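Counting convention: from 1, in listed order, for ligands and their atoms alike. Because the structure is predicted, anything quoted here is derived from the model rather than measured.
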Amino acid sequence: MKTDTICRFCSSCCPVVAETENNRLISARRKSFLPDERQLICPKLKAAADIVYSPERLQKPLMRDDAGNFQEASWVDALDRVAEQFLQYKKENGAESVCWLRGMAADWGAPWDYVNRLMNGFGSPNSIGNGSVCHVGREFAHTITYGAMTVPLLQKAKCILIWGKNDRDTNPMAAEAILHARQNGAKLIVVDPIRTYFAARADIWLQIKPAHDGLLAMAMIHEIISQNLYDAEFVDNWTVGFEQLAESAAKFPAERIAHDIWLDPDLIREAARLFATTKPACIVDGNGLDMQVDAFDATRSVAMLRAMTGNLDVKGGDFIPQPVPARNIQLQERMPAGVKPITGAYPQFNVFNATWGKHVQSCVVDAILEEKPYPVKMLVSQSGNPVVSLMDAGRVERALEKVEFLVVIDKFMTQTARMADVVLPASSCFEKTQLNRAYLRNRLVRIQNQVIEPLGESWPDWKIVFELGRRIGLTEEFPWQTVEEAIDYQLEPAGITVQMLRDNPDGISSEDMRFEKYRSDGFNTPSGKVEFAPLKLEENGFTAVPYDNGYVDRPISFSDQQDQYPLLGISGARSNRFTHSQFHQVPSLYMNRKGCVVDIHPDDAEAYTIAEGDIVRVETPRGRIVMPAKISTDVHQGSIRIAWGWGDLSPDLSLNRLTDDDRRNPIIGTPSGRSFMCRIAKERE
Ligand SMILES: Nc1nc2c(c(=O)[nH]1)N[C@H]1C(S)=C(S)[C@@H](COP(=O)(O)OP(=O)(O)OC[C@H]3O[C@@H](n4cnc5c(=O)[nH]c(N)nc54)[C@H](O)[C@@H]3O)O[C@H]1N2
Ligand SMILES: Nc1nc2c(c(=O)[nH]1)N[C@H]1C(S)=C(S)[C@@H](COP(=O)(O)OP(=O)(O)OC[C@H]3O[C@@H](n4cnc5c(=O)[nH]c(N)nc54)[C@H](O)[C@@H]3O)O[C@H]1N2
Ligand code: SF4
Ligand SMILES: [Mo]
């Protein structure tokens with residue numbers, strides 16, 4: 001039997017067709033607009049059955065006994081225990097002492113809405129997502145500039161600027177669209193410290209010094225303004241703060257900053273001119289900009305490049321999405337005004353979007369360890385592996401040791417789950433129906449369909465949340481016995497039902513695509529225009545225009561200790577076989593640790609007498625890891641790249657043992673974990 005659904009093994013949310021026999025998943029195939037021979041293969045999807053039926057899947061709830069050992073338990077006992085703890089902590093320490101931390105895996109959408117509903121209904125404002133290291137900080141930067149996060153319309157673009165994104169390995173749908181546009185003659189510019197697949201094929205590759213993207217963007221803005229290459233009609237009529245932007249950008253001309261960011265000033269100017277004069281153009285910005293302490297202004301200045309060149313909301317440019325009118329079910333209105341979340345230091349970021357919720361996960365660690373701004377005593381960690389994925393993993397581990405009661409909801413026994421008091425087994429994406437946020441953002445709604453029964457006694461996340469909600473007294477808030485009922489309620493304002501979505505496997509459009517919507521509706525900002533100098537920032541004590549007071553101090557961690565840590569370490573590469581810390585236990589993907597390497601430039605390898613395959617030790621003031629070396633000219637001399645995601649196998653392979661969480665972006669709370677000074681030495685041959 002074939003069923004249309006959505007894969008959630010990573011955040012790309014690809015539409016797929018799953019094939020089953022007798023309630024067993026056999027295989028799944030990605031839908032693509034390209035003919036078979038030109039499609040990219042996703043190894044994770046190819047291994048779908050190996051993942052779903054992995055012998056390591058958790059199939060029963062686990063509870064610790066008095067001796068501290070896990071014992072299998074019934075759902076009734078496990079959920080009763082969790083609910084009892086919720087109510088106990090509320091009584092003794094206030095509801096806000098209970099926190100729910102969500103990783104990226106279950107989905108960015110419905111499961112979060114349900115959790116936020118549960119937590120708001122319970123009375124705790126502390127339902128925290130991990131978006132400050134992922135794209136939510138970037139989304140805020142777009143939103144404050146022009147009211148929404150844009151979608152690059154790659155297939156019709158004539159010029160594509162890829163900025164800190166590696167779609168070939170992280171999003172095959174987007175990569176296929178880029179390849180298609182390229183075949184139709186689109187120009188390609190790549191900003192990346194690494195020679196990625198697309199960097200190697202670009203017209204211009206800017207091999208930037210990591211963490212210095214804001215400077216490059218300002219230099220490009222300056223070049224475009226000084227050469228009169230901006231869209232004057234758009235800027236005059238649809239933007240505010242352009243003069244202030246021009247003044248700030250004039251402090252960063254290419255010839256002044258190029259050397260400091262490892263680039264050639266002529267190449268910067270050429271890239272700026274190519275981007276500004278080839279229409280339509282779009283910018284694909286990615287996680288290379290996130291996870292930097294400067295993420296907010298860097299992303300904001302990149303967003304401004306889009307706007308000033310007149311590429312917003314045009315065919316082949318950067319589209320302003322048309323969100324599906326879904327019901328906001330999060331019950332934010334239940335939270336009394338005086339109750340501050342643990343992320344209270346980031347007030348604008350907490351509320352910039354009606355449904356995104358709160359996202360500075362580092363605050364969870366502060367609240368447990370330092371009891372700042374107040375203590376968190378109980379933590380639920382759902383669909384994330386914070387001991388591996390949060391910056392300064394050693395500190396995270398200390399926090400999870402300290403927290404009084406830890407519940408983990410996962411498919412596997414991760415490093416985080418091992419520390420739990422109760423572990424609840426979650427079903428995989430093929431075992432549940434779900435409303436996926438990616439498909440609410442912009443017009444076309446698709447449904448993620450359950451294609452097989454949940455494995456063993458695992459439960460879908462929605463069911464865990466609904467059942468727990470009812471146990472802590474939220475019976476009216478969670479009246480739904482099936483997820484279909486909940487989704488029908490959420491989609492009622494759009495006039496779409498689950499049945500309609502099942503009848504239309506390629507999705508239902510909530511409305512037709514409209515371009516240049518700002519001409520009739522304005523932009524969704526306080527001024528109704530693109531804001532190069534948002535007043536909202538100034539009112540909160542920040543500079544309105546990016547870098548008005550000069551460039552950010554020390555964008556790279558530990559740069560004050562360069563004499564001892566002379567090499568610049570960066571986080572990567574993300575392999576297309578894995579999603580963060582996931583799937584390393586699946587033999588067909590593990591492939592004897594292929595790709596678990598430190599990339600080092602030949603000149604540095606020679607200086608440190610390191611040969612290909614040698615086992616090297618990488619150290620920072622926070623910790624050390626040990627991995628084989630790979631000699632490669634894909635990295636810039638003076639920098640090394642450390643494979644990301646292997647930390648669930650061993651702390652020795654865990655990149656975040658090296659990173660720090662000391663300095664955070666004051667607006668979005670992002671630490672500087674992607675780029676850090678480190679040292680390397682041969683451990684053994
Ligand atoms: N150094 C460094 N740190 C990083 C990154 C980096 O590149 N470098 N990337 C950052 C980014 S962008 C992100 S988004 C985060 C990701 O960090 P996390 O959100 O922690 O992501 P994963 O490591 O993939 O862990 C997801 C967990 O959810 C489980 N899971 C999978 N599907 C489901 C499900 O349907 N339900 C439930 N309940 N559980 C499920 C998986 O088994 C896995 O244990 O890491 C960030 N940290
Ligand atoms: N296979 C796979 N796919 C995934 C994931 C996964 O873990 N595995 N994770 C999913 C998630 S949650 C996310 S957020 C996305 C992320 O996907 P992407 O946005 O593609 O993120 P990365 O691959 O981490 O990094 C993108 C690029 O940024 C570059 N980079 C590093 N530092 C800098 C810098 O300072 N400046 C610039 N300009 N570039 C820099 C890296 O070299 C890399 O080529 O992928 C999603 N898809
Ligand atoms: S890229 Fe692969 S793993 Fe990620 S959603 Fe698409 S098919 Fe699934
Ligand atoms: Mo992410």
Fill in: Options Gly103, Pro172, Gly288, ranked by nearest heavy atom to atom 34 (C) of ligand 2, top entry
Gly288
Worksheet, complete the sentence: Out of Leu568, Asn287, Ile162, the nearest non-hydrogen contact to atom 21 (O) of ligand 2 is supplied by Asn287
Could you tell me whether some N/O pair between [X] and ligand 2 is separated by less than 3.5 angstrom?
X	answer
Ser11	no
Ile208	no
Ser12	no
Arg138	no
Asp192	yes
Pro193	no

Practice prompt. Assess whether atom NZ of Lys31 is packed by more than 12 heavy atoms of other residues, nucleotides or ligands within 6.0 Å.
Written response: yes
Worksheet item: Heavy-atom count around Arg38 CZ within 6.0 Å, excluding the residue itself: above 12?
Response: yes
Using a strict 4.0 Å cut-off to heavy atoms of [X], name the atoms of ligand 2 that fall inside it.
X	value
Arg674	22 (P), 24 (O), 25 (O), 31 (C), 32 (N)
Pro210	35 (O)
Thr196	44 (O)
Trp163	38 (N)
Gly286	19 (O)
Ile194	42 (O)
Phe578	1 (N), 2 (C), 6 (C), 7 (O), 8 (N)
Ser575	1 (N), 2 (C), 8 (N)

Practice prompt. Search all heavy atoms of Leu567 against all heavy atoms of Ser639 and return the closest pair with its distance.
Written response: CD2-N, 4.3 Å
Could you check whether any heavy atom of [X] sits closer than 4.0 Å to an atom of ligand 2, since that is the contact criterion I want to use?
X	value
Ala199	no
His135	no
Asp213	yes
Lys209	no
Ser675	no
Arg641	no

Pair [X] + [Y], salt bridge at N-O below 4.0 Å:
X	Y	result
Arg622	Asp662	yes
Asp169	Arg574	no
Arg57	Glu431	yes
Lys165	Asp285	no

Checking side-chain polar atoms at under 3.5 Å, does [X] have a donor or acceptor matched by the opposite partner on [Y]?
X	Y	value
Asp648	Asn385	yes
Thr355	Asn353	yes
Thr196	Asn166	no
Asp192	Gln207	no
Asp113	Asn116	no

For the residue pair [X] and [Y], does the interplanar ring angle fall in the parallel (under 30°), tilted (30 to 60°) or perpendicular (over 60°) class?
X	Y	result
Phe578	His584	parallel
His135	Trp356	perpendicular
His212	Tyr551	parallel
Phe9	Phe583	perpendicular

Is ligand 2 under 4.0 Å from a heavy atom in the side chain of [X], in the backbone, in both, or in neither?
X	result
Ser571	neither
Leu289	neither
Arg577	neither
His580	both
Ala211	backbone

Response to the item:
At a cut-off of 2.8 Å, protein N/O/S around atom 6 (Fe) of ligand 3 gives Cys14 SG
Discussion item. Under a 3.5 Å distance rule, please check whether Arg102 uses its side chain to pair with a backbone N or O of Ser383 as donor and acceptor.
Written reply: no
Worksheet item: Ignoring hydrogens and geometry, is there a side-chain-to-backbone donor-acceptor pair from Trp205 to Ile189 under 3.5 Å?
Response: no
Worksheet item: Cationic tip of Arg201 within the cone over Tyr197's six-membered ring, i.e. under 6.0 Å and within 45° of the normal?
Response: yes
